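Report on one structure; see the data block that follows.
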Amino acid sequence: MTDSLGQQKPVNIKAQLQACRSKEETFKTLVTLSKTLPRLPTEEKTEENKVKGCESAVWLIIEEKDGLRYFKADSDAKLMRGVLVAILSLVEGKTLVDIQKMDLTAELAELNLSSYLTSSRTNGVLAILSKINTL
Amino acid sequence: MAFDPSSLRPLFPILSQQAYDHPLTYLDNAATTQKPLSVLDAIQGYYLSFNANVHRGAHFLSDRATNRFEQARDTVASFINAPEQSHIIWTKGTTEAINTVAFGLEHLLEKGDEILITSLEHHANLVPWQQLAFRTGARLRILPLTSNGKWEPEFGHYFTDRTRIFAATQISNAIGVSTPLPTMLNYAKQQGAFTLVDGAQAVAHHPVDVQALDCDFYVFSGHKMYGPTGIGVLYGKSHALEILLPYQTGGEMVRHVSYQATEFNVLPYRLEAGTPHIEGVIGLAAACDFLNAQDRLALLAWEQSLASHVYSRLQKEGGIDIYSPEKNTTLVSLSVPNIHILDLNAYLDSQGVAVRAGSHCAHPLMAQLGVAGTLRASFACYNTMEEANRFCDVLLEAIDLLNDE
């Protein structure tokens, strides 16, 4: 199964991140994953698409088709692009109701990404999650 | 170099831990320094043997606490060579000290008056003045650093007969540049302006003599000079402190209260409303004692040698933009074209290297430099040459990993 962006299978992303045994390995995996995220064209990097509260600039676009949500995202920071790949792999192609039922924070923790939810990046990733979750 | 930081390491046990299986390399000292055991012992000693509220109860513990609390004021006064202990006002930190002055001088400002600051200021020495300007109709003016990181050769014209307040940092927290304070303060004094020096980044490194500086106010924080968080100092000349209207009112700062009026207490108490941060004061005095026991100039020379070593190694490497001076500074502030500083920071962190990535609470300065932020490695007396080299090694690894192939 391939997601709508024609990239790596979600199960693969999950396995790759879960296999990381150190912060350094997670870092390197996120750098690798970041390369799979298609960059947004400049005209889509608008103020409106920007997620407020992130230390790095993050843009997130939500598209609905037949009640399913599809996402396009970008960031000026590479690691954040890797984190976005991980987040979007969890929610891509799901209905809003299904996404809202998920405990995304817990799922990201399972992917060894807790440290991107705590520390100074808290608000950033939480802001992304809350945008994903809203109408 | 005569100085050997290994003699200091045992005094800072926090440094001898592993961070994610790597030796912790703490290079975020401009944000906050670690605390020596003597400071921790002083704080614990206060709670173990003389915890009581100060200036109140006539009882055994309260007398002891009050004595130690006021001795600490003496210690801090002599640490910065203030003429008298009543010139030392306890605050939460540098930010509260600056706000105390900004609110305290408000009654003297009129529409059209000028408040002059430099373009190096931390938000703490910018926003209080900007807001004061909004409240009074005064004009906030900026004495800028030129684009090549130097001061204009002739900046005297920024000081006018409308300049009522001149506030400047001694050393930039973001890029480690020093201000030519004697010249600037002279210009300010010629115009009869009040002068405030933000010493937050200076006190841990440079011996400070407020009488030699001859500024009206000097402010700093405890936690950046090996002392506790939540305690800072507002030093002022007598007439300057006397003219401040109290920014906060309440207990401790009064002599007599009725429903109709309040008679304020004398200095320093008039500007210290409420129960003070007693443990912080005791800890700060211990931090002064710690620094007084060192050869301060040897420490400074060591810290500067670490920064200039990193500067020259990275300069040789190429492809790195460095914003801090080559010499006479204790930090290195940099960015790498096409690599996000948060990415560099994340890799450094994964290797146990703690630095700061961001705008350093200096948005206008970053805008002037044309960057969103910088990566800053800042040194303290306990840092070793191995740590300076480790920062360089790991940074270069990070650049390798993050460079787009």
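In what follows, chains carry the letters A, B, and so on, assigned in the order in which the sequence lines appear, proteins first and then strands, with residues in each chain numbered from 1. Computed from a predicted structure; not experimentally measured.
Other residues, nucleotides and ligands place more than 12 heavy atoms under 6.0 Å from the CD atom of E63(A). Around NZ of K45(A), the count of heavy atoms belonging to other residues, nucleotides or ligands within 6.0 Å exceeds 12. Atom CD1 of I14(B) has 12 or fewer heavy atoms from other residues, nucleotides or ligands within 6.0 Å. For D103(A), the CG atom counts as densely surrounded, since its 6.0 Å shell holds more than 12 non-hydrogen atoms of other residues, nucleotides or ligands.
A distance of 8.0 Å separates NZ of K28(A) from OG of S350(B), quoted to the nearest 0.5 Å. Atom-to-atom distance recorded for K23(A):NZ and D21(B):CG is 12.5 Å, nearest 0.5 angstrom. Between D343(B) atom CG and S75(A) atom OG the span is 7.5 Å, to the nearest 0.5 Å. One finds the OG atom of S56(A) at 10.0 Å from the CD1 atom of I341(B) (value rounded to the nearest 0.5 Å). Distance check, rounded to the nearest 0.5 Å: OH of Y20(B) to OG1 of T26(A) gives 10.5 Å.
Across every non-hydrogen atom of A77(A) and H340(B), the tightest pair is CB-CG, 3.6 Å. The two residues L401(B) and F27(A) make their nearest non-hydrogen contact at CD1-CE2, 4.1 Å.
Below 4.5 Å, heavy atoms of chain A meet no heavy atom from residues 367-400 of chain B.
Remark: the backbone N or O of L402(B) is paired with a side-chain donor or acceptor of K78(A) at under 3.5 angstrom.
Heavy atoms closer than 4.5 Å to chain B are found nowhere in S22(A), neither backbone nor side chain.
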